[in-house]
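Let me begin by presenting the structure, written as structure tokens, before commenting on it.
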Amino acid sequence: MAYVKLVNVNKIYEGGNVAVKDVNIEIKDKEFVVLVGPSGCGKSTTLRMIAGLEEISKGELFIDDKLVNDVSPKDRDIAMVFQNYALYPHMTVFDNMAFGLKLRKFSKDEISKRVNEAARILSLEDYLQRKPKALSGGQRQRVAVGRAIVRKPKVFLFDEPLSNLDAKLRVQMRTEISKLHQRLEATMIYVTHDQTEAMTMGDKIVVMKDGIVQQIDAPLSLYNKPDNKFVAGFIGSPSMNFVSGKIIKDNGLKFISDNNEFIFDLSTTQSSLLKNHIDKKVWLGIRPEDIYDSTTKPNSETLHQHDAVLEVVEPMGNEIFLYFQLEGNQFTSRISAREKPNVGYKQNLYYDKSKMHFFEFESEIAIDIR
């Protein structure tokens with residue numbers, strides 16, 4: 001397979017609109033890398049520049065040691081799977097998968113061998129003589145993946161391939177693509193706006209916002225040590241809760257929220273690393289799973305108790321989401337399903353101070369306390 005390297009890559013459209021700015025990504029051989037971010041963040045544009053479908057305005061793109069900025073898409077030895085499948089409706093599954101090989105003048109025996117091998121990998125043997133209209137959405141997407149597999153490219157590119165599928169099929173196809181990566185030992189670059197897909201599939205995740213890379217890291221590192229407030233809020237479902245306040249000195253250091261509603265003493269570790277932020281505004285972030293009710297709280301000395309009136313309670317089966325207000329911000333708690341709390345009543349909630357994140361107020365850069 002191959003490695004891919006982007007060096008200060010930019011995409012600037014007419015009128016000066018910057019879609020991608022100074023992107024630097026190194027994708028190792030056989031690595032599964034996911035580009036994730038909200039709509040319009042530049043992730044699909046970055047993928048299309050790798051594919052050669054968009055011209056690079058500035059910067060360099062390497063596949064292995066070869067600079068490919070001016071190499072045509074057909075000569076980059078990549079295969080791309082699109083969101084809309086892009087199957088030929090008048091062709092059978094076999095002919096859809098074989099089409100690219102026929103254009104490259106492969107022999108009939110080699111085409112048959114490759115298509116049947118891909119069909120076996122993707123459990124499509126029984127559908128080779130059907131046309132796309134006779135297939136489900138998941139089967140059509142597997143055909144699109146199979147068309148890429150038969151090429152045996154250096155790099156596989158996936159542009160939001162699961163967004164047209166229903167929730168159950170998305171979960172199934174996530175698993176299938178992950179298993180395919182392990183089986184083929186291929187270099188894969190995958191674009192999605194779904195952070196759950198990114199967390200469950202990627203060896204490495206690239207988080208983008210407004211055309212700029214915010215952080216590149218392994219899934220758990222992104223979750224536990226976000227570089228900034230955007231990454232902290234984007235990775236994780238439900239998303240991280242935030243409240244603004246100050247660090248004050250009062251018999252040690254304390255966090256005090258803007259309206260004095262939420263006040264607690266900082267730990268020794270937190271005080272040490274936040275000592276340069278005394279009398280400065282900061283953002284405090286805490287994940288929903290680190291806020292407990294009285295039935296789920298652990299036996300820990302790091303908890304801070306605070307009362308809140310529950311506005312919405314969502315039973316999810318094995319867990320419950322609690323929604324309430326703190327300093328005018330909607331907060332969420334994610335607790336295991338035991339006794340269902342009552343809406344409209346004051347609830348004792350417990351915040352794990354050891355799991356809190358702090359960010360500079362203006363720059364929103366993480367103040368690393370771990």
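FYI, the numbering just counts along the sequence from 1. Just so you know, these numbers come straight off a predicted model, no measurement behind them. In what follows, every heavy atom counts, from backbone to side chain, and hydrogens, waters and symmetry copies are set aside.
- Considering only residues two or more places apart in sequence or on other chains, F230 meets the ring pair (Phe, Tyr, Trp, His ring centres under 6.0 Å) condition with F234.
- A salt bridge does not link D159 to R48: none of the charged nitrogens lies less than 4.0 Å from a carboxylate oxygen.
- Residue I256 shares its hydrophobic cluster (ILVMFWY side chains chained together at separations under 4.5 Å) with I248, I263.
- Here the side chain of R142 pairs no donor or acceptor atom with the backbone of M173 at under 3.5 angstrom.
- Residues satisfying the side chain to side chain contact (heavy atoms under 4.5 Å, CB included) test with S221, not counting sequence neighbours, are D217, A218.
- With I216 as the partner, the side-chain contact (heavy atoms from CB on, under 4.5 Å) test is satisfied by one option alone out of E26, M208, K204: K204.
- Between the side chain of S239 and the backbone N or O of G236 there is no donor-acceptor pair closer than 3.5 Å.
- Residues forming a side chain to side chain contact (heavy atoms under 4.5 Å, CB included) with E364 (at least two apart in sequence, or on another chain): K229, W283.
- Atoms CG and CD, from D307 and Q347 in turn, are 9.0 Å apart once rounded to the nearest 0.5 Å.
- Remark: E110 engages F106, S107, K113, R114 in a side chain to side chain contact (heavy atoms under 4.5 Å, CB included) (not counting sequence neighbours).
- Stacking of K11 on the aromatic ring of Y13 is recorded, both the 6.0 Å distance cut-off and the 45° axial limit being met.
- Every residue two or more places apart in sequence or in another chain that forms a side chain to side chain contact (heavy atoms under 4.5 Å, CB included) with K58 is listed here: N10, I12.
- Side-chain contact check for Y292 versus P298: some heavy-atom pair is nearer than 4.5 Å.
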Residues S163, Q83; criterion side chain to side chain donor-acceptor pair (under 3.5 Å); working and verdict: CA-CA 7 Å; S163 57; Q83 175 181 343; 3.1 Å; yes
